[in-house]
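All remarks here apply to the structure that follows.
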2 protein chains.
Amino acid sequence: MGRCTRVHKVLEGISLAKRKDVAKLAGVSEATISRVFNNVGPIREETKQKVLKAAKTLNYQPNALAQSFATGKSGNIGVIIPYLPKVHLLSTHYFSGILSGIGIQLGKCQYNLLVMFQSPHEPKDYVQLFRSQKIDGCIILGAKNDEQEIKEIERLHELKLPYCLVNQTYEGYPFHSVDAKHTEGSFQAVSLLLEKGFKRIAFINGPLEYSNSMERLKGYRDAYLNVGIEPPSELVFQGNYSRTSGIQLSTEIAPLMSNIDAIFSGNDRMAIGLMQGLSKHGYHVGEDYALIGYDNSDVASMVQPQLTSVQVPLLEMGEMAAEKVLNELNGKSVVLQERLPVTLIERASIQVKKEMRK
Amino acid sequence: MGRCTRVHKVLEGISLAKRKDVAKLAGVSEATISRVFNNVGPIREETKQKVLKAAKTLNYQPNALAQSFATGKSGNIGVIIPYLPKVHLLSTHYFSGILSGIGIQLGKCQYNLLVMFQSPHEPKDYVQLFRSQKIDGCIILGAKNDEQEIKEIERLHELKLPYCLVNQTYEGYPFHSVDAKHTEGSFQAVSLLLEKGFKRIAFINGPLEYSNSMERLKGYRDAYLNVGIEPPSELVFQGNYSRTSGIQLSTEIAPLMSNIDAIFSGNDRMAIGLMQGLSKHGYHVGEDYALIGYDNSDVASMVQPQLTSVQVPLLEMGEMAAEKVLNELNGKSVVLQERLPVTLIERASIQVKKEMRK
DNA sequence: TTGTATGCGTTATCAC
DNA sequence: GTGATAACGCATACAA
């Protein structure tokens, strides 16, 4: 599948009636056709019917390109997704859930969803997408806490361009965002483990460039502090949210298992990787330790024992992000930062048979 | 998240230099600017540099909308995805894999990917998308064998509009498509089971509206016939490719398990549903029966025992579909129907401890 | 309630 | 090599 350049072919075969043709057939002016189709201004019912009939006869369809050009609005909302060759992020529960939500909301408003893959190597220039008029607003997924990213978003923000971040919040920057209450979710998960008598809880975190990683770390620590125990920082590990990284970490964690009675993982995939890796070392969920994941992706109920996990309303977050961008676009007042609640879904992975360790 | 209508806000804050401004500053005509930016026609190097400098000074960026309008090409390829409320198909390995592939290929060619959700209730009108000039080509995912769908695709085909189906082939219709060798994949999977001594193999199929379901059925039957055994049609069941349907079918299948020694499922999710359902009835993969799934989605290696599965090159199919549409668009000759090979990935789920049944 | 006229920012086809 | 200019199909302010 080679590289190629954009070339054009004439659109043949489709007879494209233009507004002029309809006007002629209906015996009215072109402006009237527009009025009917855009439902704008006063119009005599009789005229309207005449126009509609003529349009139907000619199989007229307004040219979206010309409309966009005339109004200066593309009708597209860009969704920026980080692209890593080999890893198709899109297939993660995480991205696809958000994307579906965005699609649902945009569909209601006659907006198109333009997917834009952003390679981490190419320089980002979100503003340019607006300047070229390709998009009217954008939603940024998978943003990280790095300087360049922040600068780009700052530009968007200062120019008051309609944008929204999803699942990423920058400390000290009042950017538009829709996020979930990850600190709380993490707090709940770890608190549940503590309540159930697990005291030595390892935490497998993801990269700290993501605010949700930081927030989960805070939740983990808060839960300990809440019961008057100093958080065991020696039990905090870091993966990269892939199942593979969970497997890798299991090698590091296995030697410590005699002193660990539960594990909380920053997402389900790492949790499952751990589960698989540790079982090779003879440690089994439900027998030797309790396990809680995060995201409540569909795999949580596919593994044995089923995984307790924190559900994140990804679909709703996507919907809300889209709604927010559309509101910004229309000049409506919007709440700058939204936070949706998460829900702890209890499953078998927190039942442990053996005597509790200390 | 309410309904809303598309409204417009003026794009403020971004100073949009136009071609005219650049021309003025560079002291050349507007046509020259276009020549430089489109790399067309002869141009003196000196002039070119002058133009580029002026463009940079003014931060000039050609207006994509105007370009599209002038050329009559949107630069968008539409990807049509069936939309079912509640079920977010996008999150399936299947759709997201294909979509990623499409995105990769389109990115290389400077085309945009326009995602269009198609509710099964709304009437389809693919041609209209072209007439409105929203898209220059389209890729149809998840098409089913129904009359309306076929008619729509026929229209696209007759009008020679650039389109491509993915993973769906219509018997007797020479539509553009990229598909995988499902008959072969199924044949291989069932043959492997037969070779290993399993004789009573149940087949859990998906809806027959999908050609790949039909093909897998054929592969299943062929594998039996190939070893001179009449395919046991009483062991063919039908789900809907969801894990839930696998669980449901397990109730139906459990009573027959004394006469079944292996199961082949049309996808991994149903396989896992079955696995879960049957274990509640006391039948366990690796002890009481062998199991093979299909798709080789990431969940295949998350369950215990890991699932043998047929890998489908979804990413490559997406890439190829995109490439095909772009070639049609550019008038290049294209192979009408492509079929990519599949690969059987062997994992633990086909090792069975107990004595073979007959 | 309807018609007229202008502009949107390019591309592309001529001339020179 | 370069400049002028006619499309492109619609929205919309203004006039009637």
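The model shown is predicted, which means the values in this text are computed figures rather than measured ones.
- Rounded to whole angstrom, the span from the CD atom of B:Glu45 across to the C1' atom of D:dT2 amounts to 16 Å.
- When heavy atoms are screened at a 4.0 angstrom cut-off, B:Phe37 is found touching no nucleic acid atom at all.
- Between B:Pro42 and A:Ser34, the residue anchored nearer the 5' end of DNA chain D, judged by the nucleotide with its closest heavy atom, is B:Pro42.
- Taking atom NZ on A:Lys48 and atom P on C:dT1, their separation rounds to 12 Å, with Å as the unit.
- Listed by chain and number, the residues in a ring-ring contact (aromatic ring centres under 6.0 Å, His included) with B:Phe37 are B:Tyr60 (sequence neighbours excluded).
- The aromatic rings of A:His157 and A:His176 sit tilted relative to each other, their planes meeting at an angle between 30° and 60°.
- Salt bridge status for B:Glu154 with B:Lys151: absent, with no side-chain N to carboxylate O gap under 4.0 Å.
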key: Pairing pattern in dot-bracket form [Watson-Crick, G-U; both distances under 3.5 Å; | = partner strand] for DNA chain C   = ||||||||||||||||

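- With sequence neighbours excluded, no residue forms a side chain to side chain contact (heavy atoms under 4.5 Å, CB included) with B:Ala70.
- In this structure, the side chains of B:Leu156 and B:Cys138 come closer than 4.5 Å at one or more pairs of heavy atoms.
- Put simply, B:Asn63 has no side-chain N or O that comes within less than 4.0 Å of OP1 or OP2 on C:dC8.
- Summarising the geometry, the separation between CG on B:Asp21 and P on C:dG9 is reported as 9 Å, rounded to the nearest angstrom.
- Heavy-atom distances to DNA chain D give each of B:Gly41 and B:Ala66 a nearest nucleotide, and the one nearer the 5′ end belongs to B:Gly41.
- A:Gln67 has a side-chain polar atom (N or O) that falls below the 4.0 Å cut-off from OP1 or OP2 of D:dA11.
- For the pair B:Lys20 NZ and D:dA4 P, the computed distance is 14 Å after rounding to whole Å.
- Whole-Å rounding puts the B:Gln133 CD to D:dG9 P distance at 8 Å.
- The distance between atom CD1 of A:Ile33 and atom P of D:dT12, rounded to the nearest whole Å, is 16 Å.
- To the nearest angstrom, P of D:dC10 lies 12 Å from CZ of B:Arg131.
- The residues A:Glu30 and A:Lys20 are annotated as not salt-bridged, no charged nitrogen and carboxylate oxygen being separated by less than 4.0 angstrom.
- If you check the side chains of A:Arg131 and B:Asn63, you find no donor sitting under 3.5 Å from an acceptor.
- By the salt bridge (Lys or Arg N to Asp or Glu O under 4.0 Å) test, B:Asp146 is found to be paired with no residue, residues two or more places apart in sequence or in another chain being considered.
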Strictly under 3.5 Å: I want the nitrogen or oxygen pairs between protein and nucleotides 3-7 of chain C, one per line.
unit_1 : atom_1 : unit_2  : atom_2 : d
C:dG3  : OP2    : A:Ser29 : N      : 2.9
C:dG3  : OP2    : A:Ser29 : OG     : 3.1
C:dG3  : OP2    : A:Thr32 : OG1    : 2.6
C:dG3  : N7     : A:Arg35 : NH1    : 3.4
C:dG3  : N7     : A:Arg35 : NH2    : 3.3
C:dG3  : O6     : A:Arg35 : NH2    : 2.4

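- Mapped onto DNA chain C by nearest heavy atom, B:Lys18 and A:Glu46 fall at different nucleotides, with A:Glu46 at the one closer to the 5' end.
- By the 5.5 angstrom centroid cut-off and the 30-degree plane limit, B:Phe69 is classified as stacked against the base of D:dC8.
- Applying the side-chain hydrogen bond (donor to acceptor under 3.5 Å, both in side chains) rule to A:Gln49 yields the partners A:Glu45; only residues at least two apart in sequence or on another chain are considered.
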